[in-house]
Q: 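Attaching a single structure in structure tokens format; questions to follow.
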Amino acid sequence: MFDQFMKVRLRGMIVLAIIVVVIPLFLTNPFQYDLATQILIVGGAVVGLNLLVGFAGQISLGHAGFFGLGAYFTGIMTGTYGWPAVPTLLLGAAVVGAIAWIVGRPILRLKGHYLSMATLAVGFIIAIIINNESQLTGGPDGMPVPALDLFGWELSSFGLYSFFGIEFDGYELWYFFAGLMLLLAVWLAQNLIDSPIGRGLRAVHGSEVAARVVGVDTAKYKSLVFVISAVYASITGSLYAHFQGFITPAVAGFDFSIILITMVVLGGMGSTYGVILGAAVLTLLPQVLADFQELEMVMFGLILMLTMIFMPKGLLPTLGSMAGKRFAKKTGGQP
Amino acid sequence: MTALVEVKGLDKAFGGVHAVENVSFSVDAGQVYSVIGPNGAGKTTLFNLITGLYTPTGGEIRLNGETTNDLEPNQLAERGMCRTFQQMQICMNMTAIENVMLGRHLKLKSSLFTTLFRLPGLLRDEKSARQRAADLMEYVGCGDYLETEASAMSYGALKRLEIARALAADPKVILLDEPAAGLNAVETAALEQLIRRIADEGTTVMLVEHDMKLVMGISDHLLVLNYGRVLAEGTPSEIRNNPDVIAAYLGG
């Protein structure tokens with residue numbers, strides 16, 4: 001039997017799936033596909049980050065570190081050592097999850113600004129290690145990553161594929177594959193949120209004291225969600241590495257961490273679909289504002305501030321409630 | 001009768017300030033046990049010590065014979081202790097029924113794997129938790145608010161919601177910190193009936209409250225605190241006629 005939540009959830013997923021399928025109608029060249037695919041992959045990372053920031057109310061300013069670890073684990077193991085892609089991706093997620101658990105236990109005792117600073121430091125340390133271990137990582141010059149090998153079937157942006165007599169370009173397939181992965185990421189995240197564990201996580205945000213007195217082990221729950229969001233980052237990082245075919249330490253860098261958190265805040269903390277919209281806006285914005293490239297971080301900072309002040313709930317929830325009000329005015333509101 | 005909650009020589013100092021000093025008492029199972037006293041007497045500090053939010057600087061607290069001084073609030077919840085707060089602690093980012101289902105947390109044991117893939121075990125758990133939460137909300141008198149966002153509810157309804165959440169864990173003892181504060185006469189009368197019902201059904205109730213009519217009406221035993229120390233302990237009629245209590249708190 002489908003419960004009420006299941007119905008609401010399925011509706012959201014179907015809308016997202018339709019959007020993913022419809023968007024290619026407006027894409028005309030590989031560059032646009034490339035951007036769209038990036039949005040879908042990074043979207044998965046922010047869905048995971050949103051579990052930590054939006055639902056559990058804990059901040060991470062170093063999340064790109066975990067994304068970068070996943071990307072480089074995949075790059076080094078599949079590229080340098082020739083490991084198979086999918087097991088490497090999963091093993092990378094396990095390793096990054098373990099690292100997140102080890103660093104998470106002590107730093108998640110901190111609150112507010114202190115937690116921000118600690119997570120910021122974690123991100124910096126990871127970025128520095130990737131930068132300096134140039135024998136493994138290629139250092140600041142970056143490193144190439146082989147195409148994604150799905151159990152013997154290679155998915156490359158530059159390939160040509162044919163299914164049932166229909167020709168597909170590799171970049172088109174990558175787009176749909178990334179869309180499928182994002183739907184999976186959303187489904188798992190929603191399942192987590194609508195559960196006793198999810199309620200415990202949201203209670204950590206809503207009232208940590210209340211959570212503790214009803215029996216939620218808040219320290220354990222904070223670690224758990226930190227690990228889950230790091231695993232999300234690691235897996236999407238691995239996919240990103242395969243997709244791009246080349247990675248540089250920027251994937252683990254401070255700038256990217258800030259971009260990730262801005263996506264969550266702009267799109268709407270605690271809104272799974274909102275943060276995907278946030279990922280889309282902030283991936284496309286630099287393209288629109290290409291002339292002001294050196295001011296990019298300033299723009300992101302400004303967006304973060306303005307969002308906090310004028311729509312603290314974020315883009316999608318604010319648009320949703322505006323649409324709701326307008327609808328209420330039209331249907332109700334009789335004198 | 002055996003003592004469910006036992007406190008011996010309890011001390012809590014914040015720096016040089018002794019908020020609770022050498023307090024001893026015991027609460028029998030099934031009692032309604034109230035703690036009264038002037039503002040700043042240490043009543044809420046006492047509750048925070050008993051429920052594990054503070055760690056005592058001296059003395060001992062026992063729950064069902066087990067020393068609980070160093071236990072965390074969630075470990076005390078596992079042993080059957082639940083509470084409400086003077087400053088209500090409601091999760092405003094959830095609906096009313098989700099707040100009560102949160103109270104059911106310890107009874108729901110779905111693993112992370114079951115949760116992520118929403119397997120049947122989870123659905124069963126959630127269905128039973130939702131049913132129990134809805135029943136409890138009916139029981140405390142906010143059954144009309146099931147799917148209402150907690151942030152949209154009135155103060156009085158939230159007060160009852162918090163009691164429902166505390167009851168959701170099927171506790172042995174429930175601690176209510178000023179449940180009548182801010183309620184009108186009608187709501188207070190309903191609260192009195194509710195507390196009586198909770199006690200009649202076998203849950204021990206500990207109460208911090210300023211409403212003397214309410215306290216004297218439903219308590220089996222009272223503890224009077226003043227400046228962190230025990231001023232008197234006894235039945236309502238003993239307390240009412242105790243000259244020290246009249247001087248310090250009740251007034252002549």
Q: For residues 155-177 of chain B, which residue pairs qualify under ring pair (Phe, Tyr, Trp, His ring centres under 6.0 Å), counting only residues two or more places apart or in two chains?
A: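 Counting only pairs at least two positions apart or across chains, no ring pair (Phe, Tyr, Trp, His ring centres under 6.0 Å) contact touches residues 155-177 of chain B.
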
Q: Measure distances from B:T115 to the heavy atoms of chain A and classify the residue's part below 4.5 Å as side chain, backbone, both or neither.
A: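 For B:T115, the contact with chain A is made by backbone and side chain together.
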
Q: Taking side chain as everything from C-beta outward and backbone as N, CA, C, O, which of these in B:M88 sits under 4.5 Å from a heavy atom of chain A? Side chain, backbone, both or neither.
A: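 Neither part, no heavy atoms under 4.5 Å.
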
Q: Look at A:L192, A:T218, A:I228, A:V213 and state which one has the largest set of heavy-atom pairs under 4.5 Å with chain B.
A: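 The residue among A:L192, A:T218, A:I228, A:V213 with the greatest pair count is A:V213.
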
Q: For residues B:H105 and A:R199, determine if any side-chain heavy atom of one lies less than 4.5 Å from a side-chain heavy atom of the other.
A: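 Result no, sub-4.5 Å side-chain heavy-atom pair not found.
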
Q: Contact between B:L106 and A:V214 at the side-chain level, heavy atoms closer than 4.5 Å - yes or no?
A: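 No. Closest side-chain heavy atoms not under 4.5 Å.
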
Q: For each of B:E162, B:R165, B:M81, tally heavy-atom pairs with chain A at distances under 4.5 Å, and name the one with the top tally.
A: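 Of B:E162, B:R165, B:M81, B:R165 has the most heavy-atom pairs under 4.5 Å with chain A.
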
Q: Less than 4.5 Å apart, side chain to side chain, heavy atoms only: is that true for B:L53 and A:R212?
A: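 Of all side-chain heavy-atom pairs linking A:R212 with B:L53, at least one is under 4.5 Å.
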
Q: With a 4.5 angstrom heavy-atom cut-off, could you sort out which part of B:L122 is near chain A: side chain, backbone, both or neither?
A: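 The answer is the side chain of B:L122.
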
Q: Name every donor-acceptor pair, under 3.5 Å, that has one atom in a side chain of residues 88-114 of chain A and the other anywhere in the protein, sequence neighbours excluded.
A:
{"from": "A:T88", "atom 1": "OG1", "to": "A:P84", "atom 2": "O", "distance (Å)": "2.5"}
{"from": "A:K111", "atom 1": "NZ", "to": "A:E208", "atom 2": "OE1", "distance (Å)": "3.4"}

Q: Using heavy-atom distances under 4.5 Å, tell me whether B:L112 contacts chain A through its side chain, its backbone, both, or neither.
A: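 It is both, since atoms from each part get that close.
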
Q: Using non-hydrogen atoms and a 4.5 Å limit, figure out which bit of B:F117 sits close to chain A: side chain, backbone, both or neither.
A: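 Interface part for B:F117: both.
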
Q: Can you tell me if B:R118 uses its side chain to pair, donor with acceptor, with the backbone of A:D194 under 3.5 Å?
A: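 Between the backbone of A:D194 and the side chain of B:R118 there is a qualifying donor-acceptor contact (under 3.5 Å).
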
Q: Can you tell me which of B:E78, B:M94, B:K109 forms the most heavy-atom pairs within a distance under 4.5 Å of chain A?
A: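 Looking at each option in turn, the highest pair count goes to B:M94.
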
Q: Kindly say whether A:R202 contributes a backbone atom to a donor-acceptor pair with the side chain of B:N93 at under 3.5 angstrom?
A: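 Side chain of B:N93 to backbone of A:R202, a donor-acceptor pair under 3.5 Å: yes, one is there.
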
